[in-house]
There are 2 protein chains.
Amino acid sequence: MSKSNNVYKDAYNRCLRLLDETRSLPSEPELGALLGVSRTTVRSILARMEETGLIAWNKRAKTVLRDPHPDDFFPEEETDTLAEIIERSFMRRLLAGGAEAGMQINELELAREIGVGTTSVREFLIRFSRFGLIEKRRNSHWVLKGFTRAFALELTEIREMFELRSAAAFAALPQDSPVWTDLDRLEDEHRQLVRDIATRFNEFSELDERFHRLIHRASHNRFIVDFYDVIAMIFHYHYQWNKAQERERNEVAVGEHLAYIEALKSRDLGKVDAACRKHLKSARQTLLTSIPENRQPSRA
Amino acid sequence: MSKSNNVYKDAYNRCLRLLDETRSLPSEPELGALLGVSRTTVRSILARMEETGLIAWNKRAKTVLRDPHPDDFFPEEETDTLAEIIERSFMRRLLAGGAEAGMQINELELAREIGVGTTSVREFLIRFSRFGLIEKRRNSHWVLKGFTRAFALELTEIREMFELRSAAAFAALPQDSPVWTDLDRLEDEHRQLVRDIATRFNEFSELDERFHRLIHRASHNRFIVDFYDVIAMIFHYHYQWNKAQERERNEVAVGEHLAYIEALKSRDLGKVDAACRKHLKSARQTLLTSIPENRQPSRA
DNA sequence: TTAATGTCTTTTATCGTGAAAAAACATTTT
DNA sequence: AAAATGTTTTTTCACGATAAAAGACATTAA
């Protein structure tokens, strides 16, 4: 079992959804581009679709024979990357308590527990280390630094520096820049969300990420843009596990976003700065209140 | 050849240097702490030293019998980590021209060329990716983003943000903080270097790194501290390969450092800001002039 | 003669394996 | 009994091997 075929399975599932829309599928290279996979994978997909009677396939002709049935799909969990599986397991352990700062992380144990090879775990930990939550001891174990108040403060400090700068850069962008239409579109989505906030409040986190990424991109600085990955990761898990007053919090945040968007559109740097600061302050507050500070810092 | 014993060889060499100073070696745990290795490695070292007649070893008694001879040492190149070897090879390729932005990086080819396994190369590339010079295409190759003018500008932009903030934090540190003695010591080293600048100018780069790391540490922010790794890496290779007016450049920089140190000691935020800005500006200039901008950016 | 399909080759992702190094446990010495 | 040494176990590091996926080349259809 040296490599799972999750790329194929995931692409297959997405391809099934395309079947509803058309009577026949496009050329192999086109399908590949559409699904983001190579022709090799496309051909495996087509081969299986032919086998299961979904399509008739003869060279260029790929005619849809029937609508896909629920059990034509591969199970969702088989479409995940190993990296996703490892990340989830790791974060579950990390957030499920008992993960004290200073605790050591054992690659072999993690690998056995998750049921994967050590190499994948090692690679995951190396990638994960840039989030600042773990640290490597040369030739030895990893050390958990813990999801502490200090971490949240350090994270938000950088976030605020970067976002204030990005927001200023955004507001200074020429009127004909395509970002303004992106912003309009996001504003619309925000207004729609406000309207149905009672039922759709949980859609906020995804919108939040897209909004902030748009702003950060205006910095034209890869380090700023990349840093948003750290924020996104933390907020992603934070949203999943801190459900207290979720609706209220999100409603407030959407309001702040709208004010922020107004400020950006005014292109008045003072207003932008104020709106940005206000939103980031409440975002920080939300994050901080969700961290149970049950330990004293070990250094004075 | 599944794992080289470079840890042992490097520690052995360092242990040989200890032999000059004492007539007998300390306990195994103490030696381990001193050399930064485990007792297992210490015991291998002692075993070999006994074998080669350097010491007489009987339980606690580890008497030095003779001074180490040059060829008691393992060759320097056998003491490097695989990661160091790979980094050097990779950077050589990257700086040796012909490394156009957009070029793709092949793990297998790199591994074959350097003569190591693919896993080590993969892990190196993952670690290296945080420097912002390469990027991974999912399920496919890495792409070289190139050591371009844009890269240098993005890097220095962040550096300046971080260092201005750290310097301000530094100046605000209480008088009894140990950093002030560290600063005094560094100031001394700078003064000594100024005196002998004609011959010792090449020692600047190491001093430079220690100085800036001291300042960044005052931020008490892991993201700021960690970012200095990116700067240090770039400047490390930059110093190695841009030798034009090295003496003059370093002389100027030492002077700027001294002014910067004075400003910090004055604890006058205005002066600190000015001195920091001035030095960072010239550091940026130095970096920029060393980048041959022979390509037009591909996007308008 | 361009763009697709068919076929073959190369590279990436992942595992199991084994030596180096660390860590844990047991025993002795002071 | 505290701290060293001696011994055993566990973990990390690095490799080669193999299936999945990508990519390159050859062939055929429009």
Side-chain angles (χ1 to χ4, degrees), chain A residues 1-11 26-32 35-47 57-62 81-83 85-86 104-112 115-126 136-142, chain B residues 1-11 26-32 35-47 57-62 81-83 85-86 104-112 115-126 136-142:
Chain A
M1 197 253 279
S2 68
K3 194 185 182 183
S4 90
N5 53 355
N6 66 80
V7 172
Y8 156 72
K9 287 178 177 171
D10 180 55
S27 76
E28 294 171 13
E30 246 175 296
L31 254 179
L35 298 167
V37 296
S38 72
R39 255 189 71 218
T40 308
T41 305
V42 167
R43 295 184 113 242
S44 313
I45 292 170
L46 292 173
W57 182 27
N58 186 352
K59 316 230 160 148
R60 314 196 169 206
K62 308 174 194 79
T81 20
L82 238 204
I85 294 167
I86 296 173
Q104 62 188 64
I105 297 162
N106 186 318
E107 290 176 4
L108 200 61
E109 188 189 315
L110 256 181
R112 273 194 296 245
V116 298
T118 52
T119 316
S120 314
V121 170
R122 278 173 69 77
E123 286 180 7
F124 164 76
L125 290 172
I126 295 169
K136 177 110 185 94
R137 290 290 135 83
R138 254 299 212 83
N139 277 310
S140 178
H141 54 263
W142 291 82
Chain B
M1 199 252 281
S2 68
K3 195 185 182 183
S4 90
N5 53 354
N6 65 81
V7 173
Y8 157 72
K9 287 178 177 172
D10 180 54
S27 75
E28 293 171 13
E30 245 175 296
L31 256 179
L35 297 168
V37 296
S38 73
R39 255 188 71 218
T40 308
T41 305
V42 167
R43 286 172 69 85
S44 313
I45 291 170
L46 291 173
W57 181 27
N58 185 348
K59 313 224 162 155
R60 303 187 183 216
K62 309 174 194 80
T81 348
L82 237 205
I85 294 167
I86 296 172
Q104 61 189 66
I105 297 162
N106 185 318
E107 290 176 3
L108 200 60
E109 188 189 314
L110 254 181
R112 272 194 296 243
V116 297
T118 51
T119 315
S120 315
V121 169
R122 276 172 71 76
E123 287 180 6
F124 164 76
L125 291 172
I126 295 169
K136 177 111 183 92
R137 289 290 136 82
R138 236 343 188 64
N139 279 309
S140 178
H141 54 264
W142 291 83

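These values consider heavy atoms only, across backbone and side chains, with no hydrogens, waters or symmetry-generated copies. From a predicted model like this one, the values you see are computed outputs, not experimental measurements. So you know, we letter chains A, B, ... as the sequences are listed, proteins then strands, and number each from 1.
The nucleotide whose nearest atom lies closest to any side-chain atom of A:Lys3 is, among D:dA19, D:dT12, D:dG23, D:dA19. Nearest to the side chain of A:Glu28, among D:dT5, C:dA21, C:dT5, sits C:dT5. Residue B:Leu82 has its side chain nearest to D:dC15 when only C:dT5, D:dA22, D:dC15 are considered. You'll find that the side chain of A:Arg112 is closest to D:dT11, out of C:dA22, C:dA20, D:dT11. With distances taken from any side-chain atom of A:Lys59 to the nucleotides C:dA22, D:dA22, D:dA29, the minimum falls on D:dA29. With distances taken from any side-chain atom of B:Thr119 to the nucleotides C:dA21, D:dC15, D:dT5, the minimum falls on D:dC15.
Between B:Asn5 atom CG and B:Asp10 atom CG the span is 11.0 Å, to the nearest 0.5 Å.
The interatomic distance linking B:Asn139 (CG) with D:dG23 (C1') rounds to 13 Å, in whole Å. The distance from atom CZ of B:Arg60 to atom P of D:dG6 is 9 Å, rounded to the nearest whole Å. Put simply, CG on B:Leu125 is 9 Å from P on C:dT12, counting in whole angstrom units. Nucleotide C:dT14 holds its P atom 16 Å from the CD atom of A:Glu107, rounded to whole Å. Across the protein-nucleic acid pair, B:Leu108 atom CG and D:dG16 atom P stand 11 Å apart, rounded to whole Å. Rounded to whole angstrom, the span from the CZ atom of B:Arg43 across to the C1' atom of D:dT7 amounts to 8 Å. One atom, CH2 of B:Trp142, and another, P of D:dA22, lie 17 Å apart when rounded to the nearest Å. As rounded to whole Å, 11 Å separates atom P of D:dA3 from atom CD of B:Glu30.
Toward the 5' end of DNA chain D, the nearer of the two residues A:Arg137 and A:Thr40, judged by each one's closest nucleotide, is A:Arg137. Closest-nucleotide positions on DNA chain C for B:Tyr8 and B:Glu109 were compared, and the one nearer the 5' end corresponds to B:Glu109. Position along DNA chain C of the nearest nucleotide to A:Asn6 versus B:Val37 favours A:Asn6 as the more 5'-ward residue. Between B:Trp57 and B:Gln104, the one whose closest nucleotide on DNA chain D sits nearer the 5' end is B:Trp57.
For the salt bridge (charged side-chain N to carboxylate O under 4.0 Å, His left out) test with B:Glu107, the passing option among B:Arg137, B:Arg112, B:Arg122 is B:Arg122; the others fail.
Under 4.0 angstrom from either OP1 or OP2 of C:dA23 there lies at least one side-chain N or O belonging to A:Ser140. Proximity of B:Arg39 to the phosphate of C:dA23: no side-chain N or O atom is located under 4.0 Å from OP1 or OP2. The phosphate of D:dC13 (OP1 or OP2) has no side-chain N or O of B:Ser120 nearer than 4.0 angstrom. Side-chain N/O atoms of B:Arg122 include none lying less than 4.0 angstrom from OP1 or OP2 on C:dT12. Distances shown here put every side-chain N or O of A:His141 at or beyond 4.0 Å from the OP1 or OP2 atom of D:dT10. Listed pair B:Asn106 / D:dG23 fails the phosphate criterion, with no side-chain N or O lying under 4.0 Å from OP1 or OP2. OP1 or OP2 of C:dA22 has at least one side-chain nitrogen or oxygen of B:Ser38 nearer than 4.0 Å.
As judged by a 4.0 angstrom heavy-atom cut-off over every strand, B:Lys136 is placed among residues touching the sugar-phosphate backbone only. Within the 4.0 angstrom heavy-atom criterion, no nucleotide atom of any strand lies near A:Lys9. Among the atoms of the strands shown, only primed sugar atoms or phosphate atoms (P, OP1, OP2) are found under 4.0 Å from some heavy atom of A:Ile105.
A:Leu108 and A:Thr118 get closest at one heavy-atom pair: CD1-CG2, 3.5 Å. The minimum heavy-atom distance linking A:Ala11 with A:Ile45 is given by the pair CB-CD1, 3.6 Å.
Each end of the helix from C:dT1-D:dA30 to C:dT30-D:dA1 gets its own axis from five base pairs, and the two axes differ in direction by 30°, given to 10 degrees.
Side-chain contact between B:Leu31 and B:Leu46 is present, with at least one heavy-atom pair separated by less than 4.5 Å.
Counting atom types as modelled, A:Ser2 pairs a side-chain N or O with a base atom of D:dT18 as donor and acceptor under 3.5 Å.
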